[in-house]
Amino acid sequence: MNVVVSSIVLSFMMASLASAETLRVGMECTYHPFNYRDSSGKLQGYDVDVAKEVAVRIGAELTFVCQKWDGMIPALLANKFDIVVASMSITNKRKKKIDFSYPYRVSIGQFIGPKSKNLKLFNADGSLNLKGFNGVRIGIERATTYSNWIEAKVPDADIAFYDSNEAMYLDLKAGRVDAIMTNPMKAFLRFLSKPDGAGYEVVGPQLAEEEYFGIGVGIGMRKGNDALMARLDKALKSMTKDGSLERFAKKIFPFTIHPLD
Amino acid sequence: MEFDFALIVESVPKMATGIGITLQLLVLATIIGTALAVCTVLMRISKIPLLSWPAMVYIYIFRGTPMLVQIFLIYYGLSQFQAVRDSFFWIALRDPFWCAIIAFSVNVGAYTAEILRGGIQGVDEGQLRAATALGLSKSQRFIHITTPIAIRLALPAFGNETVSLLKSTALASTITMFDITGVARTIMAQTFAPYEIFISAAIVYLFIAWFIQIGVALAERRFSRHMQR
């Protein structure tokens, strides 16, 4: 009897050793440049790089599951996959349903202005230079994290509110606003890296204060997976430290996009 | 979702900061537009094709296209051209306020020109013949007989046009202006309470529309005082 039981236990152990743990990763697969298929159909992007590297560090196999954004959390809860690596921002609302790892990408804001204007909105040490905002009209999208930030930090700023990104860029190019405050990743992809944006540059440092911009983007998982979360956190922190996240970001952007502390 | 009555009471005074801009747009565009309309209608009723045709084309273009499209053309469209940005006109076109004034004025000009034409054509022929019989010249007839009667006939429609312009000024919020609607949209985006906020905005507009109606009613009484008994 004893022999039978122990042989069953043994065969279980052997089975789990032979097929290493498989992590199923949910992502949109259409969210350029974070998770998308390249022209040969291969998954590419920052999320994909992060997921692959995390898997290596925790010793798991990966399979990717493509899932539409609006069904991402329901699919995770329905056990269609084990973790979400899909540029999902960590919010209190989402945290009620799922758990998040340590952030692997921050939410940031930054000013962008014409090179010719030589704006001095920040001092050399990166602190705000309120005087530099005198006579500077700033374009911002209405009711975004950026408008909350500027209303709190530069209450006297001359702000033009826009309902769309396009309109804001048009007015920046027309010179109706002297600078805009926006997400530098989007700004780089759609403007600064294009011929249109040649005469423009980022002004001042990346702004990432958590109370305005949020914690950032993390790996989502079902609640109650504390052991998995600890392993993911450890992997992400080591990837932050050894420069892997920086390397992944710089494949796309000329700057880093992970938490700096 | 509960209805937050206190938020309406709180929001109406905040909208007041936008009333100034809305009224400036309304008054300036009405004055400029009416001046434009008088010129246009004089051209329009002229028997010289070189005068009447351009007026007809102008009226046709601005009555036949949405005002939002016109605002976008003036504000975003023109600014696309470096030549415009380097020109003298950029002083006005750079500023969303003047872009809105231009768009509203040319619209008021086109619509009011047609309203005035209706008034002029509505003047009773018999009264003009009577004036001729009394020995009034052509220009005297136009100034002393046609004009006052035409204005009285056109007043109700003109009142409509002004209320309609009041509502159209809300479009200025799409080009970064802080008129009543612009303020409302910003508060709405902060409070996520569209119902309460836009009800507050509607109340403010109704209030202004009420004043316009009173003004037009008073003007109508004044211009038809000869018929009162």
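Hydrogens, waters and symmetry mates are skipped; everything else that's a heavy atom, side chains included, is used. Protein chains get the first letters and strands the later ones, always in sequence-line order, with residue 1 at the start of each.
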How about [atom1] on [X], more than 12 heavy atoms from neighbouring residues, nucleotides or ligands closer than 6.0 Å, or not?
X: A/Lys115; atom1: NZ; answer: yes
X: A/Tyr36; atom1: OH; answer: yes
X: A/Lys97; atom1: NZ; answer: no
X: B/Ile48; atom1: CD1; answer: no
X: B/Leu50; atom1: CG; answer: no

From B/Phe72 CZ over to A/Leu170 CG, what is the distance, rounded to the nearest 0.5 angstrom?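 Rounded to the nearest 0.5 Å, the CZ-CG separation comes out at 10.5 Å.
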
Atom pairs (donor, acceptor) spanning chain A and chain B, under 3.5 Å:
residue: A/Arg142; atom: NH1; partner: B/Gly182; partner atom: O; Å: 3.3
residue: A/Arg142; atom: NH1; partner: B/Thr186; partner atom: OG1; Å: 2.7
residue: A/Asp163; atom: OD1; partner: B/Arg185; partner atom: NH2; Å: 3.2
residue: A/Asp163; atom: OD2; partner: B/Arg185; partner atom: NH2; Å: 2.5
residue: A/Asp171; atom: OD2; partner: B/Tyr75; partner atom: OH; Å: 2.3
residue: A/Gly175; atom: O; partner: B/Arg94; partner atom: NE; Å: 3.3
residue: A/Gly175; atom: O; partner: B/Arg94; partner atom: NH2; Å: 2.7
residue: A/Arg176; atom: NE; partner: B/Leu93; partner atom: O; Å: 3.3
residue: A/Arg176; atom: NE; partner: B/Arg94; partner atom: O; Å: 3.0
residue: A/Arg176; atom: NH1; partner: B/Tyr75; partner atom: O; Å: 2.9
residue: A/Arg176; atom: NH2; partner: B/Tyr75; partner atom: O; Å: 2.6
residue: A/Arg176; atom: NH2; partner: B/Leu93; partner atom: O; Å: 2.9

Partner residues of A/Asp82 under the salt bridge (charged side-chain N to carboxylate O under 4.0 Å, His left out) criterion, sequence neighbours left out: A/Arg24, A/Arg222

